[in-house]
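Following: one structure in structure tokens, then a few remarks.
We count residues from 1, following the sequence as given. Not measured: the values here are computed from a predicted model.
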Amino acid sequence: MSKLVNDVSGLSPDQRAVLELRLKQMRSPGGGGSHSEDIITDAISEDDENLVFTESVERVDGLLSKFYGRFPWPWPTMKFEYLEDPYFETVMLNQDIGDWKHQVVPKEASIWVAGCGTNQAIFTALKFPKAKVIGSDVSAKSLEICAENARQLGLTNLELKEESINHVTYKEQFDYVISTGVIHHNADPRISLDRLVAALKPDGVMELLVYNRYHRTVTSAFQKAVRIFGEGRGTVDFEADFAIAKKIAGSVSVRGTLEKAFIQYMDYSESDFADLLIQPVEHSYTVESFDALGDSCGLEMLYPSISLYVKSLASTSYNLEFTDPELQELYDKLPDVRRWQVTNLIMQDKSPMLWFYFQRKDSAHKRKSEAQLCEEFLDTRFKRHKTTQRSYLREADGTYVSLPESVIYPPSIAHASVSDILDAVDTQPSMREVFRSLNLEPTFQRVNEARLKLTTRAFPYLRAIN
């Protein structure tokens with residue numbers, strides 16, 4: 001026992017209480033004392049997150065169905081948009097993962113949105129109109145909202161299914177699997193991710209978002225505090241939890257803490273507030289533990305995804321720039337995942353979201369480092385990539401109407417740091433020659449910034465010429 005006490009001497013009183021409970025369990029018959037250090041590690045991990053209800057996959061599935069039945073999420077969007085070039089998004093998705101020939105994700109892909117909520121499957125079906133899209137969710141209410149909106153938009157490439165991602169039986173069916181903000185709300189994210197991997201074709205691409213541990217300190221703690229208030233009820237009552245959470249958040253001192261944590265939704269819709277502060281279950285990760293989770297399920301981490309959802313955030317880049325040249329060289333030479341982990345550790349709550357592409361480890365497409373992608377980028381010729389965009393606008397009665405006018409897409413000008421590169425591009429010279437003509441040194445950081453801010457889904461200005 002003395003060794004264990006020494007090992008955990010720096011724990012908080014709450015963490016010590018968890019350990020005391022676990023140690024009592026270890027001393028009881030069948031307590032599993034032979035694995036004591038593993039149990040202690042698990043206890044510490046659980047105390048960092050909101051895992052009070054993670055008794056079984058089935059229980060959490062039921063809670064999530066009930067929770068999102070009462071608080072459908074996300075909020076009703078004011079606008080749905082689509083591009084008149086049906087393959088525009090597929091081209092850019094392939095460039096996101098360094099496929100300059102636009103072949104990894106096929107033009108008429110099979111796509112699964114695993115945990116689609118009220119609108120993500122619609123956004124996906126609109127972005128990939130030639131694809132066949134399946135949207136799955138445990139919430140009948142969320143799917144009801146999604147189905148009604150899809151009907152209004154006249155979508156014909158979308159199928160919705162009420163099902164748990166923990167119990168689906170898809171086998172190597174999809175070219176592209178999207179699951180953003182989903183598996184971290186399940187009882188055991190590895191079980192959920194195993195199902196997603198089984199559904200992915202051997203050469204397919206997966207887009208995953210899980211919570212960044214450094215972003216969720218306040219929310220996880222708040223959720224656990226609300227759970228404590230409800231311990232005496234003997235049942236889960238989200239209405240009561242919501243009322244308690246509102247009262248806590250209304251406290252002047254508590255509200256200040258929440259605002260410091262960049263929680264901006266206390267005066268927004270009920271669903272926004274509830275999704276942040278009374279979630280039934282919330283796991284969170286670092287770059288390192290997220291990579292390990294993927295690895296344990298047969299995946300390899302590819303590259304960060306800068307989605308349209310996060311492109312306006314202050315921090316989207318996993319590559320840091322230092323004033324010390326030697327430090328910069330050391331940092332740039334780190335393997336990608338280790339470099340991103342350094343960024344995650346140094347920036348902490350200011351680090352980017354954990355939104356990444358993955359592929360199966362047995363994929364025929366060998367993973368390239370970001371440095372290799374940059375070299376290929378320099379040797380590639382590009383042309384301006386433009387199309388037109390149309391919109392559906394939400395009326396006061398909740399219905400969507402098609403706007404008559406179209407606009408040029410992408411609508412905004414490139415970021416100032418890469419605008420000169422964009423202006424210099426034509427269909428003849430390679431990007432390396434463009435850099436040379438502008439007297440730009442092709443350092444990893446400079447080239448990677450240009451690649452990310454000119455040739456990706458978030459910044460879709462240039463299309464590779466094959």
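Of all the heavy atoms in V418 and A450, the pair that sits closest is CG1-CA, 3.8 Å. Heavy-atom minimum distance, I178 versus Q120: CG2-NE2, 3.5 Å. Between K201 and R360 the shortest heavy-atom distance is O-CD, 3.7 Å. Shortest non-hydrogen contact noted between R390 and S406 is CD-CB, 3.1 Å.
Judged by distance alone, the side chains of R213 and S284 do bring a donor and an acceptor atom under 3.5 Å apart. Remark: the N50 side chain and the Q279 side chain contain no N/O donor-acceptor pair separated by less than 3.5 Å. When only modelled atom types and interatomic distance are considered, T388 and E84 share a side-chain donor-acceptor pair under 3.5 Å. In the model, D61 has a side-chain atom that pairs as donor or acceptor with a side-chain atom of S164 under 3.5 Å. In the model, E449 has a side-chain atom that pairs as donor or acceptor with a side-chain atom of S417 under 3.5 Å. A donor-acceptor pair shorter than 3.5 Å can be found between the side chains of S351 and N344. A donor-acceptor pair shorter than 3.5 Å cannot be found between the side chains of Y303 and D336. Looking at E282 and T219, their side chains do bring a donor and an acceptor atom within 3.5 Å of each other. Remark: the Q173 side chain and the S110 side chain contain no N/O donor-acceptor pair separated by less than 3.5 Å. Counting only N and O atoms by type, the side chains of D397 and T399 include a donor and acceptor under 3.5 Å apart. Looking at W340 and D291, their side chains never bring a donor and an acceptor atom within 3.5 Å of each other. Using modelled atom types and a 3.5 Å distance limit, the side chains of S220 and E49 yield no donor-acceptor pair.
Counting only heavy atoms from C-beta outward, the side chains of E163 and V138 never approach each other to under 4.5 Å. A 4.5 Å side-chain heavy-atom check between N448 and E370 finds at least one atom pair inside the cut-off.
The ring-ring contact (aromatic ring centres under 6.0 Å, His included) test with H385 is passed by exactly one of Y461, Y409, F88: F88. The only option from Y392, F80, Y82 that meets the ring-ring contact (aromatic ring centres under 6.0 Å, His included) definition with Y400 turns out to be F80.
R381 is linked by a salt bridge (Lys or Arg N to Asp or Glu O under 4.0 Å) to nothing, counting only residues two or more places apart in sequence or in another chain. Residues satisfying the side chain to side chain donor-acceptor pair (under 3.5 Å) criterion with Q95, sequence neighbours excluded, are H102. Legend: residues meeting side chain to side chain donor-acceptor pair (under 3.5 Å) with N186, ordered by chain and number and at least two apart, are N166. D99 meets the salt bridge (Lys or Arg N to Asp or Glu O under 4.0 Å) test with no other residue; sequence neighbours excluded. Here K383 pairs with T427, R463, I465 under the side chain to side chain contact (heavy atoms under 4.5 Å, CB included) rule; sequence neighbours left out. In this view, E148 and R151, Q152 satisfy the side chain to side chain donor-acceptor pair (under 3.5 Å) rule, not counting sequence neighbours.
Relative ring orientation between F377 and F435 is described as perpendicular, the plane-to-plane angle rising above 60° on a 0-90° scale split at 30° and 60°. A perpendicular orientation is assigned to the rings of F242 and F273, their planes being inclined by more than 60° (bins at 30° and 60°). Ring geometry for F382 versus W100: interplanar angle over 60°, hence perpendicular rather than tilted (30 to 60°). Ring planes of H185 and Y211: perpendicular class, angle over 60° (limits at 30 and 60°). The aromatic rings of W112 and Y170 sit perpendicular, their planes meeting at an angle over 60°, well past the 30° parallel limit.
No more than 12 heavy atoms of other residues, nucleotides or ligands sit less than 6.0 Å from atom NZ of K132. Around atom NZ of K247, no more than 12 heavy atoms belonging to other residues, nucleotides or ligands sit under 6.0 Å away. The environment of OH in Y214 is crowded: more than 12 heavy-atom neighbours from other residues, nucleotides or ligands sit within 6.0 Å.
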### Task
Determine, stepwise, if the pair D137 / K161 fulfils salt bridge (charged side-chain N to carboxylate O under 4.0 Å, His left out).
CA-CA 7 Å; D137 206 280; K161 295 186 177 183; over 6 Å; no
